[in-house]
Amino acid sequence: IQAQPNPFNPCTTISFSLERARAVNLGVYDLAGRRLVTLAERVFGPGDHKVTWDGRDACGRALGSGTYFLRLDAEGRIQVEKVQLVR
(Lines give C-alpha, C1' and ligand atoms only; values in the text may rest on other atoms or scores of the structure.)
Protein backbone atom coordinates (compact mmCIF):
# COMPACT_ATOMS: atom_id res chain seq x y z
CA ILE A 1 0.00 0.00 0.00
CA GLN A 2 1.30 3.42 -0.93
CA ALA A 3 -0.20 6.93 -0.90
CA GLN A 4 0.86 9.61 -3.37
CA PRO A 5 1.32 12.44 -2.78
CA ASN A 6 2.23 12.25 0.89
CA PRO A 7 1.97 14.79 2.53
CA PHE A 8 -1.17 15.75 0.63
CA ASN A 9 -3.76 18.48 0.10
CA PRO A 10 -6.52 18.20 -0.97
CA CYS A 11 -6.43 14.50 -1.92
CA THR A 12 -4.16 11.48 -2.15
CA THR A 13 -4.28 8.32 -4.25
CA ILE A 14 -3.79 5.00 -2.49
CA SER A 15 -2.27 2.24 -4.62
CA PHE A 16 -2.12 -1.45 -3.84
CA SER A 17 -1.60 -4.72 -5.68
CA LEU A 18 -3.21 -8.11 -5.25
CA GLU A 19 -1.85 -11.39 -6.54
CA ARG A 20 -5.38 -12.86 -6.65
CA ALA A 21 -8.96 -11.73 -6.07
CA ARG A 22 -9.53 -10.79 -2.43
CA ALA A 23 -12.12 -9.10 -0.24
CA VAL A 24 -10.56 -5.75 0.67
CA ASN A 25 -11.38 -3.37 3.48
CA LEU A 26 -9.54 -0.05 3.26
CA GLY A 27 -10.09 2.53 5.99
CA VAL A 28 -8.64 5.74 7.39
CA TYR A 29 -7.87 5.95 11.12
CA ASP A 30 -6.83 8.72 13.47
CA LEU A 31 -3.97 8.53 15.99
CA ALA A 32 -6.35 7.12 18.63
CA GLY A 33 -7.24 4.21 16.33
CA ARG A 34 -10.77 5.40 15.51
CA ARG A 35 -11.98 4.61 12.00
CA LEU A 36 -12.87 7.89 10.30
CA VAL A 37 -13.98 6.65 6.91
CA THR A 38 -14.15 3.46 4.86
CA LEU A 39 -12.67 3.99 1.41
CA ALA A 40 -13.31 0.51 0.00
CA GLU A 41 -15.13 -2.59 1.17
CA ARG A 42 -15.52 -5.05 -1.68
CA VAL A 43 -13.79 -7.76 -3.67
CA PHE A 44 -10.97 -6.58 -5.94
CA GLY A 45 -9.53 -8.73 -8.71
CA PRO A 46 -5.84 -9.50 -9.15
CA GLY A 47 -3.56 -6.68 -10.26
CA ASP A 48 -2.97 -3.03 -9.43
CA HIS A 49 -5.69 -0.84 -7.89
CA LYS A 50 -6.11 2.82 -6.93
CA VAL A 51 -8.48 4.51 -4.49
CA THR A 52 -8.63 8.26 -3.83
CA TRP A 53 -9.15 9.90 -0.44
CA ASP A 54 -10.19 13.56 -0.26
CA GLY A 55 -9.30 14.17 3.40
CA ARG A 56 -12.91 13.91 4.60
CA ASP A 57 -14.54 11.68 7.21
CA ALA A 58 -17.55 9.38 6.71
CA CYS A 59 -19.95 12.33 7.18
CA GLY A 60 -18.20 14.42 4.53
CA ARG A 61 -16.53 16.79 7.00
CA ALA A 62 -13.06 18.02 6.09
CA LEU A 63 -10.49 16.71 8.56
CA GLY A 64 -7.82 18.94 10.00
CA SER A 65 -4.11 18.87 9.31
CA GLY A 66 -2.41 15.92 10.92
CA THR A 67 -1.26 12.33 10.73
CA TYR A 68 -3.67 9.60 9.69
CA PHE A 69 -3.29 5.89 9.03
CA LEU A 70 -4.51 3.95 6.01
CA ARG A 71 -5.27 0.34 6.93
CA LEU A 72 -5.69 -2.22 4.16
CA ASP A 73 -7.09 -5.60 5.19
CA ALA A 74 -7.13 -8.09 2.31
CA GLU A 75 -8.58 -11.25 3.86
CA GLY A 76 -6.35 -11.06 6.92
CA ARG A 77 -3.29 -9.61 5.21
CA ILE A 78 -3.01 -6.23 6.87
CA GLN A 79 -0.87 -3.31 5.75
CA VAL A 80 -0.75 0.15 7.30
CA GLU A 81 0.57 3.37 5.76
CA LYS A 82 0.97 6.71 7.53
CA VAL A 83 -0.19 9.82 5.65
CA GLN A 84 0.05 13.52 6.44
CA LEU A 85 -2.82 15.86 5.59
CA VAL A 86 -1.69 19.50 5.33
CA ARG A 87 -4.47 22.09 5.15
Side-chain angles (χ1 to χ4, degrees):
I1 182 173
Q2 182 178 3
Q4 290 294 326
N6 187 16
F8 73 97
N9 180 5
C11 64
T12 187
T13 300
I14 300 108
S15 304
F16 61 94
S17 293
L18 300 172
E19 69 279 356
R20 63 178 177 86
R22 291 184 183 270
V24 168
N25 190 308
L26 176 60
V28 178
Y29 294 78
D30 65 12
L31 292 174
R34 294 179 296 243
R35 182 182 281 245
L36 302 173
V37 64
T38 299
L39 300 177
E41 190 172 28
R42 64 179 180 88
V43 174
F44 285 83
D48 298 330
H49 303 280
K50 294 183 184 214
V51 176
T52 301
W53 179 42
D54 62 2
R56 296 182 179 275
D57 69 10
C59 295
R61 295 178 295 235
L63 296 171
S65 295
T67 301
Y68 298 93
F69 294 95
L70 305 171
R71 182 179 184 272
L72 176 74
D73 183 344
E75 295 181 0
R77 292 183 160 189
I78 297 171
Q79 294 183 11
V80 177
E81 175 76 9
K82 181 170 63 171
V83 293
Q84 291 284 131
L85 172 57
V86 180
R87 293 272 183 210

Legend entry - Residues in side chain to side chain donor-acceptor pair (under 3.5 Å) contact with Ser65, at least two apart in sequence or another chain: none

Inset, instruction - Tell me, with the steps shown, if Phe69 and Leu31 meet side chain to side chain contact (heavy atoms under 4.5 Å, CB included). - result: CA-CA 7 Å; Phe69 294 95; Leu31 292 174; 3.4 Å; yes

Inset, instruction - Please list all pairs passing the salt bridge (Lys or Arg N to Asp or Glu O under 4.0 Å) test where one or both residues lie in residues 61-70, with sequence neighbours left out. - result: Asp57-Arg61

Inset, instruction - For Gln84, enumerate each residue passing the side-chain contact (heavy atoms from CB on, under 4.5 Å) test, keeping only those at least two apart in sequence or located in another chain. - result: Asn6, Pro7, Thr67

Legend entry - For Gly64 against Arg87, the heavy-atom pair lying closest together: C-CG, 4.2 Å

Legend entry - Selection residues 40-52 - residue pairs positive for salt bridge (Lys or Arg N to Asp or Glu O under 4.0 Å), sequence neighbours left out: none

Legend entry - Backbone N/O of Ala3 and side chain of Thr12: donor-acceptor pair under 3.5 Å: no

Inset, instruction - Kindly say whether Asp73 contributes a backbone atom to a donor-acceptor pair with the side chain of Asn25 at under 3.5 angstrom? - result: no

Inset, instruction - Check salt bridge (charged side-chain N to carboxylate O under 4.0 Å, His left out) between Arg22 and all other residues, then give those that pass, not counting sequence neighbours. - result: Glu19, Glu75

Inset, instruction - Measure the spacing between NE2 of His49 and OG of Ser17 and express it to the nearest 0.5 Å. - result: 7.5 Å

Inset, instruction - Any chance you could pull the hydrophobic cluster mates of Ile14, using side-chain heavy atoms under 4.5 angstrom and chaining through other members? - result: Ile1, Phe8, Phe16, Leu18, Val24, Leu26, Val28, Leu36, Val37, Leu39, Phe44, Val51, Trp53, Leu63, Tyr68, Leu70, Leu72, Val83, Leu85

